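Order of the sequence lines sets the chain letters (A, B, ...), proteins ahead of strands, with each chain counted from 1. Everything numeric in this text was worked out from a predicted model, so none of it was measured.
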2 protein chains.
Amino acid sequence: MTETTVVRDSACEISPVVDIVFSRWTTPILWALNNHGRQRFVELERRIGAITPKVLTQRLRQLERDGLITRTYHAEVPPRVEYEISALGRSLGPLFATLSRWATANLDHVEQARREYDEAGLPRP
Amino acid sequence: MTETTVVRDSACEISPVVDIVFSRWTTPILWALNNHGRQRFVELERRIGAITPKVLTQRLRQLERDGLITRTYHAEVPPRVEYEISALGRSLGPLFATLSRWATANLDHVEQARREYDEAGLPRP
DNA sequence: CAGAATCCCCGAGGATACTG
DNA sequence: CAGTATCCTCGGGGATTCTG
């Protein structure tokens, strides 16, 4: 440890949360359920747009397992299933708010940075 | 519109940010640069652990292009390159803080939810 | 040291049915 | 309607090697 040993970070303590909340499709799903209340399968499907039923099911199961959403089955014909954000899921509100604020404040800075980087025709190194 | 048309969400306004900040490897990189200051390529490589040089380079370029980090080349032998978080990157601080707080407050709730879901031997639907 | 160049693999996720 | 069941693609990322 007196050498040039770099202490491997304690795996970046926020990585687990990122995996849970920001993996593929989970953000739009949580966003939809958070902002538009209880919804049926097809509603989500249509609202999100490009997702296929298979993948939507996978993600919904995962989010349900993680306790972020709830699933309610109504034994009718035709069957009706409703998804709703849970208390734990709602607790992500402030996080989404922070994210949203950062977006409106800085997204164009990112765009600008990209433009500059691109037109500066990379004199590497 | 008077029909059962579900208005497709304005693409979940936070999705772009998620792509920029929470895509693969970017979180640990930003975290490392945010918490341990300016660092060389190898330092980052060792600190992050599992990443390969190729992918690390890719992600660093991307983050540099997005204006979240800066790259400084020192023409020496052996060459020395240092990466540092930019002002724009530092502006992510509050976001990371919120994320970190959510983690310490709710991560065990998620674990608990998973255990309950698993041991409840899925009576689908 | 800080990468660039190659080759290659594999599995998430898309497309396309089909069913209770 | 709310999913399963299959098949298949395709590109992110790993491993390895080379160089200024």
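OP1 or OP2 of C:dG3 lies within a sub-4.0 Å distance of a side-chain N or O belonging to B:Arg71. Contact check, B:Arg40 against C:dC1: no side-chain N or O comes under 4.0 Å of OP1 or OP2.
Contacts between chain B and DNA chain D, taken as any atom within less than 4.0 angstrom of a protein heavy atom, begin and end at D:dG13 to D:dG20.
For the pair A:Glu45 CD and C:dG14 P, the interatomic distance rounds to 12 Å; values are reported in whole Å. Atom CD of B:Glu76 and atom C1' of C:dC1 are 11 Å apart (whole Å). We find that CG of A:Asp19 is positioned 13 Å from P of C:dA12, with the value rounded to whole Å. Straight-line distance from the CD atom of B:Glu82 to the C1' atom of C:dA2: 13 Å, rounded to whole Å.
For A:Arg115, the side-chain hydrogen bond (donor to acceptor under 3.5 Å, both in side chains) criterion is met by A:Gln112, not counting sequence neighbours. In this structure A:Arg40 satisfies the side-chain hydrogen bond (donor to acceptor under 3.5 Å, both in side chains) test with no other residue, sequence neighbours excluded. With sequence neighbours excluded, no residue forms a side-chain hydrogen bond (donor to acceptor under 3.5 Å, both in side chains) with A:Arg101.
For A:Glu84 and A:Thr72, the side-chain atoms include no donor-acceptor pair closer than 3.5 Å.
Using a 4.5 Å heavy-atom cutoff, the side chains of A:Glu13 and B:Trp31 are in contact. Counting only heavy atoms from C-beta outward, the side chains of A:Leu95 and B:Leu95 approach each other to under 4.5 Å.
Out of C:dC1, C:dG3, C:dG14, the shortest distance to the side chain of B:Arg46 is found at C:dC1.
The aromatic rings of B:Phe22 and B:Phe96 lie tilted to each other, with the angle between the two planes from 30° to 60°.
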What side-chain donor-acceptor pairs closer than 3.5 Å can you find for residues 52-61 of chain B, not counting sequence neighbours?
residue : atom : partner : partner atom : Å
B:Thr57 : OG1  : B:Pro53 : O            : 2.8
B:Arg59 : NE   : B:Gln62 : OE1          : 3.1
B:Arg59 : NH2  : B:Gln62 : OE1          : 3.4

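Listed by residue number, the members of residues 52-66 of chain A with any heavy atom below 4.0 angstrom from DNA chain C are A:Thr52, A:Lys54, A:Val55, A:Arg59.
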